[in-house]
Amino acid sequence: MRKGTLYVFTGPSGAGKGTLLSEIRKGDDRLFLSISATTRAPRPGEIDGVHYYFLKKADFENKISENAFLEYAGYVDNYYGTLAAPVDRMLEDGKDVILEIEVQGAMQVKTKRPDAVMVFIAPPSFEELAARLRGRGTEDEEKVQKRLSIAQQELKSIDRFDFVVVNDEIERAARELRAIIDARRA
Ligand code: 5GP
């Protein structure tokens, strides 16, 4: 049986990665989203084991020392990381797996798994990104500022990705992402 493909979807917080991903996963039962671990507190409505594995800092650090992560990074005062074992199991089973992660982690995956398909999801403009982050209302202004300043750094890594999809309009951007996955499978 053919092994699955690993996709890395990266892009600044507020670029719309989550919305795009739920769009392209509709009706595609071969496409799986990896559930990350994080030390950040759950937002209202977020469920442990569904949106993230919410870990205490000490537990996250234990997993780092056990070498359990395919990649991990520090982002705005918290750790975020991908546990290697569940991803590898899905790939072995022939499933295609998407990691929705920030840039530092993406670069670690690119080094460790050169066959991963690297996709950068970009906002149409910096102003639009700022407006989306504030409109979402999930972070206070200080955290929004931190996310925006990280976004500026992240945009500098855009050249290191195989594909760049500009999320100007959900339907159009989702079609483009769909085309990347279909082409890879063909
Ligand atoms: P949020 O707090 O908005 O859920 O996520 C903040 C940032 O962390 C986003 O850019 C998101 O893509 C990234 N992120 C989520 N999970 C992971 C992960 O497992 N590893 C890394 N490196 N970044 C992640």
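Both counts, for ligands and for their atoms, begin at 1 and track the order of listing.
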For ligand 1, which atoms, with element, lie under 4.0 Å from some heavy atom of [X]?
X: Gly81; value: 18 (C), 19 (O), 20 (N)
X: Thr82; value: 19 (O)
X: Lys17; value: 9 (C), 10 (O), 12 (O)
X: Arg40; value: 1 (P), 2 (O), 4 (O)

### Message
Does Lys110, at its NZ atom, have more than 12 non-hydrogen atoms belonging to other residues, nucleotides or ligands within less than 6.0 Å?
### Response
yes
### Message
Between Arg43 and Glu139 (salt bridge meaning N to carboxylate O under 4.0 Å), is one present in this structure?
### Response
yes
### Query
So does Arg184 pair up with Asp96, basic N to acidic O under 4.0 Å?
no
Side chain, backbone, both or neither: the part of [X] lying under 4.0 Å from ligand 1 by heavy atom:
X: His51; result: neither
X: Tyr80; result: both
X: Lys143; result: neither

### Message
Can you tell me which residue among Val8, Val165, Ile158 is in a side-chain contact (heavy atoms from CB on, under 4.5 Å) with Phe120?
### Response
Ile158
### Message
With the threshold set at under 4.0 angstrom, would you say Arg43 reaches ligand 1 through any of its heavy atoms?
### Response
yes
### Message
So, 4.0 Å and heavy atoms of Glu139: is ligand 1 close enough to count as a contact?
### Response
no
### Quiz item: cation-pi between Lys17 and Phe9, 6.0 Å / 45°
no
### Query
When Tyr80 is tested against each of Tyr53, Phe54, Tyr72, Tyr75 for ring pair (Phe, Tyr, Trp, His ring centres under 6.0 Å), which residue passes?
Tyr75
### Task
Specify the closest pair of heavy atoms between Ala106 and Thr10, including all atoms of both residues, with the distance to one decimal.
CB-OG1, 3.3 Å
Return the closest protein heavy atom for [atom] as residue, atom name and distance.
atom: atom 5 (O) of ligand 1; value: Tyr52 OH, 3.3 Å
atom: atom 16 (N) of ligand 1; value: Ser36 OG, 3.0 Å
atom: atom 7 (C) of ligand 1; value: Tyr75 CE2, 3.8 Å
atom: atom 20 (N) of ligand 1; value: Glu71 OE2, 2.7 Å
atom: atom 22 (N) of ligand 1; value: Glu102 OE2, 2.6 Å
atom: atom 12 (O) of ligand 1; value: Glu100 OE2, 2.8 Å

### Message
Any donor-acceptor pair under 3.5 Å linking the side-chain atoms of Thr38 with those of Asn78?
### Response
no
### Query
Does the side chain of Glu141 pick up a donor-acceptor pair with the side chain of Gln145 at under 3.5 Å?
yes
### Summary
Closest heavy-atom approach to atom 24 (C) of ligand 1 among Asn78, Ile101, Thr138 is made by Ile101
### Message
Once you measure the plane-to-plane angle for Phe69 and Phe60, does it fall in the parallel (<30°), tilted (30-60°) or perpendicular (>60°) bin?
### Response
parallel
